[in-house]
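Computation of the quantities below employed the complete heavy-atom set of this structure, encompassing side-chain atoms and omitting hydrogens, waters and symmetry-equivalent molecules.
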Amino acid sequence: MKQSKMRVKRWLLCGILLAWGATISAQKRYSLDELLEYGEQNDRSVAQAQAEYDAAKAEQMLARTYFFPQIQAMAGWGSVPKPIELFDINAFSDVPIDLNQYLPDGIPLPDKVPHTVHLNLKPLIPSELQRLSSLHLNSIWVANLSLVQPLFTGGKVLASNQMADLALRLRELQLSRKRVEGREAIEKAYYQLVQITEQTKLLKQFSSTLDSLYADVQALYQEGYAVKSDLLELRLAQNKALRAIDEAETMLPLAEAHLAKVCSLPLSEMIVPADNTESLAQNAPMQSRPAVDTCDCEGTNANTRGQMLAIAEQIAVKEQAVARSEMMPQLAFFADYALTNPSFFDASHRKTGGRFAYGITLKVPLTGIASGYFKQLAASKRAMIRTLEREDNGEMLRLERTKAQTDWKNALQNYIRFSSMRKDAAENVRLSREGYREGVTDMAKLLRAHSTGLETEQGYIEALCALYTADAALRAANQ
């Protein structure tokens, strides 16, 4: 019987060890830099912005082609089943001739002599000339090469290229902004996970401290130096600490899943942050950030969103130039070479021949002036809308940056305040425990000291992570 119980215990111990080993192997420690790198490589919004940038680059190269001549080649075959009669050869088979025209005036022909003679002249016509009377086009081959070089387009080509350059710059800024927003989201989720992890560790340490304190008080109670109510108060404090641990452990997988999502990791990934309270405190962002004028949309010190608003306004202005060009005359040089069989210049013989032509064309949009006017009017209104959006959003960006700067300053002051409070709280716990051992401090005061110390440590962890989060938000607002 004892041997069977031992076997069961051994199997249970093996199962516990295997489960613990599987849990440890499933967890992976990530640093913030690793998560940022992985998130940027797998972020779908960044990939979409990169594709839009590549498309804008291709459109820029397309706009460059408008400066060069447009060359086209064409080849074709055709057939005319019925021959084309250039002149009626059969008309020479019966040619009427009036003989009176060939007699002197006043000398008539006798009545028995016919006045009109019908002659057959067809045999007298050479066979080559008879063949040329009809043109047979039962097989026609054509090859054509044409060139058109725009000389004047009313500024459309130049404005289109400038729009393509601005659109490429806009996509570049959007790509940069997507990366900034992705980094900010990852940093916030990371520091949130660090906060919950550290607070969970702190609660477990506090629970262990209460367990140790309970053992000490129980020993004092057995010796007659403590009362039973002290043990009851400690037991209530232990239960309260266990509930807090359960709540923190419930939030921990949610924070891990949120961080995995923003990093494009599998949601089942068990992430363990490489940082803790000590490492974060060593590199706390205590230095203020340089000021950025969010309304200086065209300056080198402007952030990406301000520049994006200015570029959108410039694109709308170029759209006016494109609409205006549709009301302007279009001047172009053209050249054309055609190779045909039969030849243009000798269609009677089945020979291949070519012809070359060139010139200048002028196209004046008579009925298109009205439509061009309304297009330009619509483009001007869109430009006005972009101007108003830039002004309104510029104010919003300034307020957002001011708020981020204020939040960072408040977070820094809060962190400094809790850093100084930690020492006082730790000293208060030490003095309360000594006073309880000496009998000058009751259990309620001792528990209040421990609770105050716990709240101070929790506030310190929260203030430290909030400082990093505010610093990330401020850097994102400045970029």
Side-chain angles (χ1 to χ4, degrees), residues 31-33 35-36 39 173 176-199 202 251 255 258-259 262 273-297 299-309 390-428 452-479:
S31 67
L32 178 59
D33 294 336
L35 293 173
L36 290 174
L173 292 173
S176 176
R177 187 61 198 171
K178 288 294 182 182
R179 289 172 176 168
V180 169
E181 292 175 352
R183 291 178 64 89
E184 180 187 7
I186 292 174
E187 289 186 38
K188 288 183 177 180
Y190 179 80
Y191 294 126
Q192 182 183 18
L193 179 59
V194 171
Q195 176 182 340
I196 297 176
T197 302
E198 291 299 304
Q199 287 181 345
L202 178 64
M251 295 297 297
H258 176 62
L259 179 57
V262 297
D275 289 306
N276 51 30
T277 306
E278 290 75 16
S279 62
L280 292 181
Q282 291 176 359
N283 302 312
M286 308 289 287
Q287 300 295 329
S288 61
R289 300 293 174 181
V292 174
D293 187 3
T294 54
C295 291
D296 182 19
C297 298
T300 57
N301 199 32
N303 62 3
T304 54
R305 288 176 292 179
Q307 295 181 46
M308 288 163 58
L309 292 172
R390 179 182 61 82
E391 294 175 354
D392 293 341
N393 291 329
E395 293 295 331
M396 293 178 60
L397 292 177
R398 180 188 290 113
L399 293 176
E400 179 180 343
R401 185 198 167 276
T402 303
K403 180 180 181 302
Q405 184 74 25
T406 304
D407 292 343
W408 178 83
K409 290 181 179 179
N410 293 336
L412 179 60
Q413 293 177 358
N414 198 29
Y415 170 70
I416 295 174
R417 186 180 301 112
F418 272 101
S419 297
S420 61
M421 289 171 58
R422 293 178 69 197
K423 300 178 181 179
D424 297 337
E427 183 66 15
N428 184 32
T452 303
L454 175 64
E455 293 175 358
T456 303
E457 287 295 327
Q458 287 180 328
Y460 172 77
I461 295 173
E462 183 178 354
L464 179 60
C465 294
L467 177 61
Y468 275 90
T469 302
D471 182 70
L474 182 56
R475 283 186 280 109
N478 288 339
Q479 293 177 358

**Student:** I would like to know whether Y460 and T277 meet side-chain contact (heavy atoms from CB on, under 4.5 Å); could you show each step before the answer?
**Tutor:** CA-CA 9 Å; Y460 172 77; T277 306; 3.3 Å; yes
**Student:** Taking atom OG1 of T452 and atom CG of D424, what is their separation to the nearest 0.5 Å?
**Tutor:**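 The CG atom of D424 is 11.5 Å from OG1 of T452, to the nearest 0.5 Å.
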**Student:** Do side-chain atoms of R177 reach the backbone of Q479 as a donor and acceptor pair under 3.5 angstrom?
**Tutor:** yes
**Student:** If we only count heavy atoms from C-beta on, is the L32 to Y191 side-chain gap below 4.5 Å?
**Tutor:**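 With C-beta onward as the side chain, the pair touches.
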**Student:** So, the side chain of Y190 versus the backbone of D275: is there a donor-acceptor pair under 3.5 Å, distance only?
**Tutor:** yes
**Student:** Look up atom CD1 in I461 and atom CD in Q195, then write down how far apart they are to the nearest 0.5 Å.
**Tutor:**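 Nearest 0.5 Å value for the CD1-CD distance: 8.0 Å.
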**Student:** Roughly how far, to the nearest 0.5 Å, is CD of Q307 from CZ of R390?
**Tutor:** 13.0 Å
**Student:** What closest approach, in Å, do E184 and A472 show between heavy atoms, and which atom pair accounts for it?
**Tutor:**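 Closest approach of E184 to A472: CG-O, 4.2 Å.
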**Student:** Which atom pair, heavy atoms only, marks the closest approach of L259 to L35?
**Tutor:**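 For L259 and L35, the tightest heavy-atom pair comes out as CD2-CD1, 3.8 Å.
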**Student:** Decide, yes or no, whether a salt bridge links K403 with E400 under the criterion of side-chain N to carboxylate O below 4.0 Å.
**Tutor:** no
**Student:** CD1/I196 to CD/E462 distance, rounded to the nearest 0.5 angstrom?
**Tutor:**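 Interatomic distance, I196 CD1 to E462 CD, rounded to 0.5 Å: 10.5 Å.
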**Student:** For E457 versus L202, what's the shortest heavy-atom pair and its separation?
**Tutor:**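 Taking every non-hydrogen atom into account, CB-CD2, 3.3 Å.
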**Student:** Using only atom types and a distance under 3.5 Å, with no angle test, would you say the side chain of D471 pairs donor to acceptor with the backbone of L467?
**Tutor:** no
**Student:** Taking P285's backbone N and O only, do any of them form a donor-acceptor pair with Y468's side chain (distance below 3.5 Å, no angle check)?
**Tutor:** no
**Student:** Supply the atom-to-atom distance R401 CZ to T406 OG1, rounded to the nearest 0.5 angstrom.
**Tutor:** 9.5 Å
**Student:** What I want to find out is whether K423 reaches E427 closely enough, with some N-O distance under 4.0 Å, to be called a salt bridge.
**Tutor:** no
**Student:** Take L474 and Q405 through the side-chain contact (heavy atoms from CB on, under 4.5 Å) test and state the conclusion after the steps.
**Tutor:** CA-CA 6 Å; L474 182 56; Q405 184 74 25; 3.4 Å; yes
**Student:** Hey, is the main chain of L193 close enough, under 3.5 Å, to the side chain of T197 for a donor-acceptor pair?
**Tutor:**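 Yes, because the side chain of T197 sits within donor-acceptor range (under 3.5 Å) of the backbone of L193.
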**Student:** Taking atom CZ as the centre, does R183 end up with more than 12 heavy-atom neighbours from other residues, nucleotides or ligands that are less than 6.0 angstrom away?
**Tutor:**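 Incorrect, the count does not exceed 12.
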**Student:** If you look at every heavy atom in A411 and A466, which pair is closest and at what distance?
**Tutor:**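 Closest heavy-atom pair between A411 and A466: CB-O, 4.0 Å.
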**Student:** Testing L173, L309, V180 for side-chain contact (heavy atoms from CB on, under 4.5 Å) with T304, which one passes?
**Tutor:** L173
**Student:** Report the distance from atom CG of L397 to atom CG of N478, rounding to the nearest 0.5 Å.
**Tutor:**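 Between atom CG of L397 and atom CG of N478 there are 11.0 Å.
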**Student:** Do you know which two heavy atoms are closest between A404 and A477, and how far apart they sit?
**Tutor:** CB-CB, 4.1 Å
**Student:** Spell out, as yes or no, whether a donor-acceptor pair under 3.5 Å connects the side chain of N393 to the backbone of M396.
**Tutor:**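 A pair under 3.5 Å: no.
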